[in-house]
Amino acid sequence: MRLGRRLTGVLLALCVLGVGLLLSACGSSSSTKTLKLGYVTTATHPYGLALAEFASQVQSASGGKLKITLLPVYSGGNDINLLNDLKGGTVAMGSVSAVVWDTEGVNSFEALQMPFLITNYKLEGAVLASPIQQQMLAGTAALGLHGLAIHEGGLRKPLSAGACITTAAGFNGLKVRVPPGALITDSIAALGAAPTPLPVSDVYLALKQGTVNAMEANYGLVYTNKYYEVAKCITGNVNFWPFPTVLSINNKTWNGLSSAEQGWI
């Protein structure tokens with residue numbers, strides 16, 4: 001599938017429900033508590049649109065007593081910094097890409113990135129609506145966090161700055177951008193490519209300058225970060241794996257909320 005075609009409809013279709021937040025108690029008045037929510041994509045990405053809806057619903061449910069302030073492109077789009085700040089309490093809640101949790105020894109989300117295990121939205125939806133989601137979220141406790149939900153963000157496909165990647169052999173010798181995470185790094189290396197970890201904020205320039213010449217991406221990311229300007233082809237009929245975020249809150253913040261506030265969240 002050539003880039004530059006209508007990705008808007010796909011983007012909107014990917015704006016599935018999101019219940020994620022990244023909170024940080026900040027400047028609250030006697031009548032309103034304001035909490036910060038951070039995530040690494042732009043506000044127009046499916047994550048951002050879903051989180052904006054979440055913030056709106058929290059404010060409505062609380063009658064204005066609890067307000068969520070959104071922090072898009074957190075730390076320049078760096079998931080590792082976001083997760084570290086979440087653990088340390090610099091921010092109280094985070095929408096952190098599922099793939100990076102194994103860098104902190106949390107392996108409960110790895111099944112979501114097993115190559116070609118989940119290749120369609122119907123199956124992914126069934127997984128995330130099942131008790132499996134809660135089993136995965138329980139892994140966040142090891143880092144002093146309380147997992148809330150897994151937020152879908154789009155199935156990842158091969159994206160190339162050069163020729164379309166239509167066979168496994170097409171990966172041989174390519175420098176492929178990967179997010180930090182052992183499983184995706186190993187998967188890309190197994191295809192014969194050189195995995196190159198980069199935060200999402202550095203990818204556009206890396207593709208433009210040839211620092212990398214391919215990546216795995218979903219339509220929402222391609223559209224909102226304008227990768228269609230620096231890449232030529234996305235292999236639309238290949239789905240590697242889903243790429244959700246894990247929505248969680250620092251335990252100190254969670255335990256400091258009233259039962260009513262926890263209910264609004």
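No hydrogens, no waters, no symmetry mates; every other heavy atom, side chains included, goes into these values.
Atom CG of Leu174 sits about 7.5 Å away from atom CZ of Phe171, to the nearest 0.5 Å. A distance of 9.0 Å separates CG in Leu221 from CG in Leu159, rounded to the nearest 0.5 Å. Of the inter-residue distances, the one linking Arg156 atom CZ with Met215 atom CE reads 5.5 Å to the nearest 0.5 angstrom. Rounding to the nearest 0.5 Å gives a distance of 8.0 Å between OG1 of Thr32 and NZ of Lys67.
Contact record, Pro46 with Gly220: CD-CA, 4.1 Å, taken as the closest heavy-atom pair. Closest approach of Gly38 and Leu82 over heavy atoms only: O-CD2, 4.0 Å. In plain terms, the two heavy atoms of Asn213 and Leu207 that are nearest each other are C-CD2, 4.2 Å. Shown here for Leu86 and Ser248, the closest heavy-atom pair between the two residues is CD2-OG, 3.4 Å. Between Tyr39 and Leu51, the shortest heavy-atom distance links the atoms CD2-CD1, 3.4 Å. The shortest non-hydrogen separation linking Val100 to Pro180 is CG1-O, 3.3 Å.
Residues Val127 and Ile150 are members of one and the same hydrophobic cluster, defined by side-chain heavy-atom contacts under 4.5 angstrom among Ile, Leu, Val, Met, Phe, Trp and Tyr.
Applying the salt bridge (Lys or Arg N to Asp or Glu O under 4.0 Å) criterion to Lys157, with sequence neighbours excluded, gives no partner residue. With sequence neighbours excluded, no residue satisfies ring-ring contact (aromatic ring centres under 6.0 Å, His included) with Trp264.
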Atom pairs and distances, side-chain donor-acceptor, residues 240-247, under 3.5 Å, sequence neighbours left out:
{"from": "Trp241", "atom 1": "NE1", "to": "Glu216", "atom 2": "OE1", "distance (Å)": "2.9"}
{"from": "Thr245", "atom 1": "OG1", "to": "Ser95", "atom 2": "OG", "distance (Å)": "2.8"}

Per-pair distances, 0.1 Å, donor-acceptor, side chain in residues 195-206, under 3.5 Å, sequence neighbours excluded:
{"from": "Thr196", "atom 1": "OG1", "to": "Ala194", "atom 2": "O", "distance (Å)": "3.3"}
{"from": "Ser201", "atom 1": "OG", "to": "Gly76", "atom 2": "O", "distance (Å)": "2.4"}
{"from": "Tyr204", "atom 1": "OH", "to": "Glu229", "atom 2": "OE1", "distance (Å)": "2.6"}

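Checking side-chain atoms of Thr44 against main-chain N and O of Thr224 turns up no donor-acceptor pair under 3.5 Å. Remark: side-chain polar atoms of Ser187 are paired, donor with acceptor, to backbone N or O of Leu183 under 3.5 angstrom. In this structure, Asn225 contributes its side chain and Tyr227 its backbone to no donor-acceptor pair below 3.5 Å. When atom types are taken as modelled, the side chain of Ser97 and the backbone of Val99 share no donor-acceptor pair closer than 3.5 angstrom. Judged by distance alone, with hydrogens and angles left aside, the side-chain atoms of Thr185 form a donor-acceptor pair with the main-chain N or O of Gly181 at under 3.5 Å.
Applying the ring pair (Phe, Tyr, Trp, His ring centres under 6.0 Å) definition to pairs two or more places apart or across chains, those involving residues 95-114 are Trp101-Phe109. The salt bridge (Lys or Arg N to Asp or Glu O under 4.0 Å) pairs that include a residue from residues 170-197 number zero, where partners must be two or more places apart or lie in different chains.
The closest side-chain heavy-atom distance from Met114 to Glu110 is not below 4.5 Å. Proximity of Leu155 to Asn218: side-chain heavy atoms (C-beta onward) are nowhere separated by under 4.5 Å.
The environment of Lys87 atom NZ is dense: over 12 non-hydrogen atoms of other residues, nucleotides or ligands sit within 6.0 angstrom.
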